[in-house]
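Note that the structure is a prediction, hence the values are computed from the model and not measured. Just so we're on the same page: letters track the sequence lines, and every chain starts at 1.
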Amino acid sequence: MNLSADWLNFTMMLVSAMLTLIIFSYIFGDHFLFRLAVALFIGVSAAFGCLTVYHSVLYPSLIQPILQNPIQSWITLAIPLMLSWLLFFKLSQRWSFMGNPSLALMAGVGAATVVGGAIKGTLFPQIFASINQFDLQAMKTASINPIVGLIEGGVILIGTITTLAYFHFGAHPSSEGKLQRTIWIETLSWIGQFFIAVALGWIFSGILRAGYIAFLERVRFMIELILNLLRVI
Amino acid sequence: METRFCPMCGRSNQPDAEECEFCHARLIPLGEFEKGPENESIFVDLPLEQEPQPEVPEWLKDLRDLKLDETEGEVDEGIIEPVEDLPEWLKSGDDQEGSQSSKGSEILFSESLKKESIIGPEVKPVGSVAITPAGNTENQRPNSSSDEDKLPEADLPDWLKAMPGQEWEGESDKEEDFFGGVVPPFVDFDESLLNIGLSDSRIEPEETAEERLTLSAHSAAGEAEEELGGKIPEDLEDILEKSKHPETEEKRIEVAGPLAGLEDILPVEPFIAEEKKGIEILSTLLVSEKQRKHAELFEQLIADEGKPKPIKSAAAERSSPGLRIFIFLIILAASLFGMLFNPFPGKPTAMNVGVFDAMQALAKVSPRSPVLLIVDYEAGDFAEMQTVGFGLIDQLMVKGAYLVLLSTNPLGALQGDRLIRQINLYGDHEYKEQTNWVNLGYLPGSAAGIQQFIQSPRNTLPVTTNSQNIWAGDEMKNVQKIGDFALVVVMTENASHARTWIEQLNGNIAQNQMVFLVSSQIEPIVEPYYATISPQIGGLVAGINGGAIYETQAGRNGLALMYWEAYGLIVSSSVVLILFGVLVNTFGKFRQSNSKKTEGK
């Protein structure tokens with residue numbers, strides 16, 4: 001039986017609509033169909049991920065070279081393959097230590113890359129960016145009103161310092177025996193929490209807005225499906 | 001249950017046990033038997049004819065027989081026979097000692113056993129044994145005529161010659177000063193010590209503690225009597241009385257162990273075997289009031305941890321289903337109304353700097369030039385990312401750029417594929433895979449993988465998801481590193497991914513070659529990398545707002561503008577709902593506080 005592309009698309013749209021409605025039905029509470037749909041999504045994602053890893057990593061980097069040029073590939077792949085096999089020992093509690101060299105290599109290389117990138121790409125650039133907020137010459141070049149620029153820079157500086165002060169947890173015992181931060185740190189952290197609240201509020205509103213867009217996309221999909229069904233009928 | 005601990009091995013035994021069942025050490029000292037009424041029978045004089053224990057060795061049997069005979073005044077001469085087995089040095093000593101040593105060492109040993117215990121009040125030299133300063137006994141000392149043991153007299157210093165031990169040389173009967181007035185060079189004696197004389201060259205046995213106590217009591221009593229004019233303190237009187245009437249010590253007969261049946265033997269267990277009183281432990285801790293309070297607080301904390309805490313019912317934390325449905329219906333109504341009826345037609349007119357810079361970066365892209373499109377988001381955020389990126393990708397398609405898709409997310413390859421197909425559909429493009437766009441798929445290794453791809457994209461991902469080598473094509477033949485791409489567009493909803501790409505791309509690509517399309521939820525995190533005097537990225541389009549501005553500026557009606565009206569209505573409805581909720585809650589709290597005040601009055 002040969003299904004045409006239109007019918008296949010139409011069937012897939014029906015399945016999609018059904019799954020969308022099941023997910024929306026969570027508004028009435030958790031139920032079997034909802035859990036089934038969630039399990040389906042997780043299962044499909046995991047299966048696709050496995051296939052992707054095989055197709056994008058294992059086959060082109062391991063299987064294909066061995067099949068095409070076995071001797072040369074075995075020489076070049078011996079060490080990576082051995083390190084990969086050592087990772088299987090992590091499944092055993094007794095022999096878990098055998099996988100440590102591979103993990104150490106991965107963690108070491110990963111940490112070195114991340115730390116280097118963080119220092120070079122975030123830490124110093126952000127520090128200089130905060131300092132440059134007060135660069136009048138740069139403001140002139142960027143056609144920024146110096147007063148506005150200084151006010152902006154001042155707000156950024158205050159926000160940076162007070163936010164950092166909020167995360168300063170050093171404290172000393174007071175006369176009553178309670179651990180307490182120094183008064184100036186306490187004042188700065190009190191100001192800093194307003195900046196943190198604004199940032200977190202923005203992030204939360206962003207999540208809400210992302211959810212609204214997803215909702216709108218599904219609503220549009222349902223409207224199109226109903227309109228198509230009406231046309232067909 | 002009380003137990004008796006063995007003083008030798010430390011193990012516990014039955015409280016009425018006399019011997020340790022593990023090491024057979026005596027648990028109850030001999031002295032204690034005398035006191036215990038129930039043990040009196042043990043200390044009755046056993047008949048001497050009592051048969052020895054079966055495990056007693058022969059030599060001990062002989063000793064016992066010898067002892068029994070001696071008590072009757074009859075010494076069996078035959079017992080001395082083993083003397084012949086003695087070593088030469090002992091034999092010679094015995095022969096020269098005369099009558100005393102003729103009985104052999106066994107007799108001397110049994111004699112010594114018969115004498116008083118060293119803990120007895122009267123300690124005397126055992127038999128004829130006299131202790132010399134050198135620690136030898138006359139019995140043990142070989143004949144003084146033994147020339148081998150003699151030291152050359154000329155070699156001895158004067159003070160050593162004067163030592164009382166020199167009577168071994170035949171001057172034992174000579175009475176003289178201990179040092180003979182000569183002070184050893186290594187001793188700084190007091191004058192009084194030099195006057196110490198010994199009546200005999202033999203050192204008398206040391207006084208026992210009781211004797212010393214008696215003597216000191218007498219002397220102290222005398223002094224006190226003199227001082228107090230004839231009156232003696234009561235405690236001294238008691239001591240004196242005790243010294244006048246020393247307790248007669250009963251002869252003890254060993255009843256246990258291999259020495260059973262022998263009398264007056266030394267106790268096998270040391271004095272530590274005597275039952276000691278338990279260490280008195282203070283009933284109160286020596287802690288300060290502050291420490292006590294801390295301890296109480298700590299105990300209370302531990303006790304509280306152990307107590308089961310009531311778990312709040314899930315129903316109490318859940319929102320009301322009716323309220324949820326109400327909110328859902330309002331949002332659904334707003335979205336339907338906005339999409340179907342388009343009540344407030346309009347487009348965002350304000351220009352965004354990030355969008356403007358992104359458009360500037362895109363303007364440099366020429367047709368068929370390779371553009372790397374990094375699709376790093378999850379399936380759940382596809383709708384928003386598609387909306388955000390529609391305008392820019394649509395423009396890239398309009399320009400005819402050669403799109404190369406890449407993802408560090410295993411599902412990203414699928415999302416990228418879907419994105420291009422959707423934009424192709426809604427933008428009326430005819431972009432075909434392999435011809436106009438390719439998908440390199442999944443890039444493993446996170447930051448390390450990104451760094452490797454930046455340095456050498458050809459070797460890192462040599463083929464596409466369709467297993468085709470694109471690097472030899474006309475569009476890609478000049479791409480050796482990531483900087484050779486005309487533009488790099490990063491689409492992500494993940495702050496960590498965004499930061500990783502910025503950090504790794506930093507320094508490897510020109511700032512104006514990098515554009516970020518991000519979700520509105522990570523806009524505050526990516527913004528600092530862009531909104532500075534020296535930005536690290538060339539353009540930033542964030543959220544539906546940025547997408548709508550881009551589409552407006554580009555003059556295209558994309559997905560962002562399609563959702564714009566409905567989105568505005570939903571956001572407005574949400575604001576109204578939030579304000580309504582705040583008012584209701586405030587009013588409710590106000591009413592609650594009022595009712596409490598009324599009840600209080």
Could you verify whether a donor N or O on one side chain and an acceptor N or O on the other, from Glu503(B) and Thr122(A), lie under 3.5 Å apart?
yes
Does the separation of the ring centres of Tyr563(B) and Tyr567(B) fall below 6.0 angstrom?
no
So, the part of Met562(B) with a heavy atom under 4.5 Å from chain A: the answer is side chain
Under 4.5 Å from any heavy atom of chain A, what part of Pro444(B) do you find: side chain, backbone, both or neither?
side chain
Under a 4.5 Å heavy-atom cut-off, does chain A meet the side chain of Ala542(B), its backbone, both or neither?
neither
Contacting moiety of Ile331(B), where chain A heavy atoms sit under 4.5 Å:
both
I'd like to know which of Pro60(A), Ser56(A), Ala118(A) tops the heavy-atom pair count under 4.5 Å against chain B.
Ala118(A)
Ser574(B) versus chain A, the contacting section by heavy-atom distance below 4.5 Å
both
So, Gln133(A) versus Thr532(B): side-chain donor-acceptor pair below 3.5 Å or not?
no
Pairs of heavy atoms under 4.5 Å with chain A: top-ranked of Thr387(B), Ile325(B), Ile502(B)
Ile325(B)
Name the option with the most non-hydrogen atom pairs under 4.5 Å to chain A; the candidates are Leu332(B), Leu443(B), Leu461(B).
Leu332(B)
When you look at CD of Gln455(B), are more than 12 heavy atoms from neighbouring residues, nucleotides or ligands closer to it than 6.0 Å?
yes
Does any backbone or side-chain atom of Phe221(A) lie under 4.5 Å from a heavy atom of chain B? Answer side chain, backbone, both or neither.
neither
Return the minimal non-hydrogen interatomic distance between Ile207(A) and Gln521(B), and the atom names on each side.
CG1-OE1, 3.2 Å
Pick from Trp202(A), Phe128(A), Phe28(A): which one has the most heavy-atom pairs with chain B under 4.5 Å?
Trp202(A)
Please flag which part of Ile119(A) lies under 4.5 Å from any non-hydrogen atom of chain B: side chain, backbone, both or neither.
neither
Closest non-hydrogen contact found for Ala413(B) with Gly441(B) is CB-CA, 3.8 Å
Just give me the residue among Gln386(B), Met339(B), Glu493(B), Glu378(B) that pairs up with chain A most often, heavy atom to heavy atom, under 4.5 Å.
Met339(B)
What part of Leu414(B) gets within 4.5 angstrom of chain A, counting heavy atoms only: side chain, backbone, both, or neither?
both
Describe, in one word, how the ring planes of Phe215(A) and Phe24(A) are oriented to each other, choosing from parallel (under 30°), tilted (30 to 60°) and perpendicular (over 60°).
tilted
May I ask you to check whether Asn439(B) and Thr464(B) show a side-chain donor-acceptor distance below 3.5 Å?
no
Between Ser519(B) and chain A, with a heavy-atom cut-off of 4.5 Å, which part of the residue counts as in contact: side chain, backbone, both or neither?
side chain
Between Arg418(B) and Phe382(B), is NZ or CZ placed under 6.0 angstrom from the six-membered ring centre and within 45° of the ring axis?
yes
Under 4.5 Å from a heavy atom of chain B, the part of Val114(A) involved
both
Heavy-atom neighbours of Ile79(A) CD1 exceed 12 at 6.0 Å
no
